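So you know, we letter chains A, B, ... as the sequences are listed, proteins then strands, and number each from 1. Since this is a predicted model, take the numbers as computed values, not measurements.
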Amino acid sequence: MDFLSGLNPQQREAVEHFEGPLLILAGAGSGKTRVITHRICYLIKTRNVPGSSILAVTFTNKAAGEMKERVMRLLGAGGATDAPTVSTFHSFCVRVLRRDGDALAQIRPGFTRNFQIYDDDDQLAIVKRVFKQLGLDEEFMKYRSALSAISQGKNRKQSPEDFYKAAMSPQGERLAKVYEQYDEELRKANALDFDDLLLETVRLLRHDAVTREWYGRRYQFLMIDEYQDTNRSQYELMRLLATQHTNVAVVGDEDQSIYGWRGADIKNILDFEKDFPGAKVIRLEQNYRSSKTILEAAGAVVAHNTARKGKWLWTEADAGAPICLFEAADGEQEALYIAEAIDKTLKREPMLRVAVLYRTNFQSRQIEEALRRYGRKYKVVGGLSFYNRAEVKDALAYLKLLLNPKDNVGLLRVLNVPARGIGKTTVEQIEKLARAQNISLWEAIGSGCDDRRFGARAEASLGAFRRLILELNEGLAERPPDQTLKQILEKSGYAKMLEVDPSPEAEGRRGNLQELVSAADDATQRGETVEEFLDHAALVSDSDDVDEKAQISLLTIHNAKGLEFPVVFIAGMEEGLFPHSRSRDNEEQLEEERRLCYVAMTRAEKRLYLSHAKSRRKYGGSPPEPCTPSRFLGEVPQQLLESLTDDHSAPFHVDLYGERQMVREVARRNTYTGKTYNSLDHISQFFSERGIQTPAARPPGQGPLVPMPLRRPEVVAPGNQSGKPSAGESARQSSAQGALFPMPPGQAPGQVGVPPKQRSPIAGSVPASGTPHPAGLPRLVPPKPPAVTSMPSKAAKDGSRVRAGATVAHPKYGKGLVLRKEGDGDEAKITVSFPGHGLKKLVAKYASLKVVD
DNA sequence: CGCTATTCATTTTTT
DNA sequence: ATGAATAGCG
């Protein structure tokens, strides 16, 4: 196999480079992934380098996976025997520390290879706790700012002591104290945060010559992708790995450095030739992705930057279509314009993939809403990803706690979830005890119970929790992770809690947990250990969730790095939003924003749309603030632009905001407002104004029209999407489905175990209940079916007469109608509608209710 | 203790 | 608009 054919001379030169340092300056769309994969294969096949001595580092797990796959495919049969290592820096570090981390205990007492990874949420929880301990609150400093200050400190290799020394004010000293305590908490729990993963690996390799040499010998060839976004620790790590040779090939583009705020140091790439004298430098400047127009526009924008090596991309492609510039009256019009343009485009060319890019995540909302009214399916990348959802984190926290009882953050997370009567006071007692004896919270619970330090009630609850964990812990090592996970959900009562939960979100939560169990199952099938499963969960990123086949993707520009789309929209090109107001006063940050703009524009292959609004509301409510167009728009040569301005926006004024308000209002009161409210009317109006047929025709044969704005069926959180029918798919169905949450017979999959309840509680769509409603009472959700309400067996006490449909009297609210009852006996929760007071949810035990016959 | 209602602040980007 | 932190009630 020839790995050189089809490459241009520069690409070829890069692939053929053998030993010694190499810097590949690869412009956007210049085929760098191709170069990396081909070079790996070339080294293996032509230069007879063992695959296992090649280490390639990428920016995301997904990129790593794809690269590995491509290499394997290129190598063909037999290539797998001696596979190269392809991973992210973070994953690589985790593997090093898990494998060879023992020596680290000498310089980090208490460290073991079973360390745990604390993610963003865990970090935040610690900072909050530390603040509380020190009597600080967000007045002093935002939690997030403290966290980022600590992170920056770590990246600059500053210890808490350094913070103390550098502190010029009491503020600074307090921050140092926070840092110190934060680190202390991590150490006590034997946990590492993201920064630590890199930092401690560097320290390990520095400290332990044996390990350093082992890795130096093991990896003879290093390749680092996205080099412009490496930070100091990553740089040092590379140097350490390359001490025995200088076979380091880095690939990057200074114009695409967009992670400075997170510690990435653009100097790493700008100074590579200084760091590695004699380095060969190859520029890849031929672009294979975009039209000439797009390329020219992007190049013109980024040319305004000064911190660059200078590069001019060229292409053989045609000029292509001009770039569309749209000025909307406000954010809603902008979203509608984008949705409409997408709709039109896809009607014309259904096979195109479209991306809408934006600077900040919150911008996705409006666009989602606009797309939904065109009935277009889309996929949002980022936001709340699968592993960030509360229920998933809860379940994983149990699992982590089993593996590492010192995990205080995890313990606090699940101690009272589901509610088992362990409240604030008790937690405080535990914390106090733990601090006094310098033991973990888990140990404190144990010793506190043994010494009878808690009240009787608390002790009972804590005892139950303790037994639960111990029970789950039994035989842990022998059980596959998915089994353990299932046991956790069942025995902890978590599954039960969600089953009983009548809220509409519960359905999604159950689904997510099913998904988690099957993910664990998949991991088991692949032969992964629980630890590996958890590591994976901690290290996945939003961009790992990109579905390249999705027809419409919504994502931040950061998440779009490395991707390409035939059609790209960049929304919200306004001063203050993009460039972001936080970057406005700093020239360096402004340049990074400009690079971000460059990255965004160069994602486009054929068509590029830029849009901005003349005014925009900062958050939900009023008032809209005037916006000036982004300076970056002015940097695009005018002759490349085609303006579509106001006359387009004038004729239609669909008030998305007002409409939404109305829908909510109606939904909330659930009353019939005489005139049938149905937003589809508005939609058809919207279309007829433009001479288009309503696109989202109702599904054939289905009853009343369902208002669009409230439906979100197509949108599923990234990890939750059924869209990756992986190898484990069939196993997933059989092993996971229905096991946790029994499914009523005849119910479609996808609505796992949800009682058929009020879905869209709009207008008349809810059938009248059998219960007669007193006049004037709002028509409400029907009471639960008799299965729940009349539980004849053991409701002997006085609560038994309170049931749905009964009228009761309350000392304060007077007479009311019982709408539903959950549970029975003292614990029963009763929902009563009191005319004039609205809905009240009462607990039988507390509320002194009398039944009126 | 747990739930609910109310306040309040909040929107950069994330391995 | 949304969510997190707090206060008050049963």
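Between the CZ atom of A/F454 and the C1' atom of B/dC1 there is a distance of 16 Å, rounded to whole Å. For the pair A/I422 CD1 and B/dG2 P, the computed distance is 9 Å after rounding to whole Å. At whole-Å resolution of the value, CZ in A/R616 and P in C/dA1 are 16 Å apart. Nucleotide C/dG3 holds its C1' atom 11 Å from the NZ atom of A/K128, rounded to whole Å. As rounded to whole Å, 13 Å separates atom C1' of B/dT15 from atom CG of A/D196. A straight line from CD of A/E332 to C1' of C/dA1 spans 12 Å, rounded to a whole angstrom. Spacing between atom NE2 of A/H536 and atom C1' of B/dT15 amounts to 14 Å, rounded to whole angstrom units. Spacing between atom CG of A/D544 and atom P of B/dT15 amounts to 7 Å, rounded to whole angstrom units.
Taking only side-chain atoms of A/A419, from C-beta outward, the nucleotide of B/dG2, C/dA5, C/dT2 with the closest atom is B/dG2. In the set B/dC1, C/dT2, B/dG2, the nucleotide with an atom closest to the side chain of A/T425 is B/dC1.
A/Y598 is linked by a ring pair (Phe, Tyr, Trp, His ring centres under 6.0 Å) to nothing, counting only residues two or more places apart in sequence or in another chain. Under the rule for a side chain to side chain contact (heavy atoms under 4.5 Å, CB included), the partners of A/E428 that lie at least two apart in sequence or sit in another chain are A/K424. Taking the ring pair (Phe, Tyr, Trp, His ring centres under 6.0 Å) definition, one finds that A/Y358 meets it with nothing, sequence neighbours left out.
Rounded to whole Å, the C1' atom of C/dA4 lies 22 Å from the corresponding atom of B/dT13.
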Generate the contact string for nucleotides 9-14 of chain B. Rules: B means base contact, S means sugar-phosphate contact only, - means no protein heavy atom under 4.0 Å.
-BBBBB
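No contact: A/F89 has no heavy atom under 4.0 Å from any strand. Here A/K62 lies out of heavy-atom contact (under 4.0 Å) with every strand. Heavy atoms of A/N416 sit under 4.0 angstrom from primed sugar atoms or phosphate atoms, though from no base atom. A/S581 comes within contact range of no nucleotide atom at all, as no heavy-atom separation falls under 4.0 Å.
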Sequence neighbours excluded and cut-off under 3.5 Å, please list the side-chain donor-acceptor pairs for residues 127-135 of chain A, or say none.
residue : atom : partner : partner atom : Å
A/R129  : NH1  : A/E431  : OE1          : 2.8
A/R129  : NH2  : A/E185  : OE1          : 3.0

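Along DNA chain B, the nucleotide nearest A/L539 and the nucleotide nearest A/G421 are compared for position; the residue whose nucleotide lies closer to the 5' end is A/G421. If you find the closest nucleotide of DNA chain B to A/A458 and to A/H90, the one lying nearer the 5' end belongs to A/A458.
Looking at A/R420, its side chain never comes within 3.5 Å of a backbone N or O of A/S461 through a donor-acceptor pair.
Side-chain contact check for A/H90 versus A/L198: some heavy-atom pair is nearer than 4.5 Å.
Within the structure, the salt bridge (Lys or Arg N to Asp or Glu O under 4.0 Å) test picks out the following pairs touching residues 135-152 of chain A (sequence neighbours left out): A/D120-A/R144.
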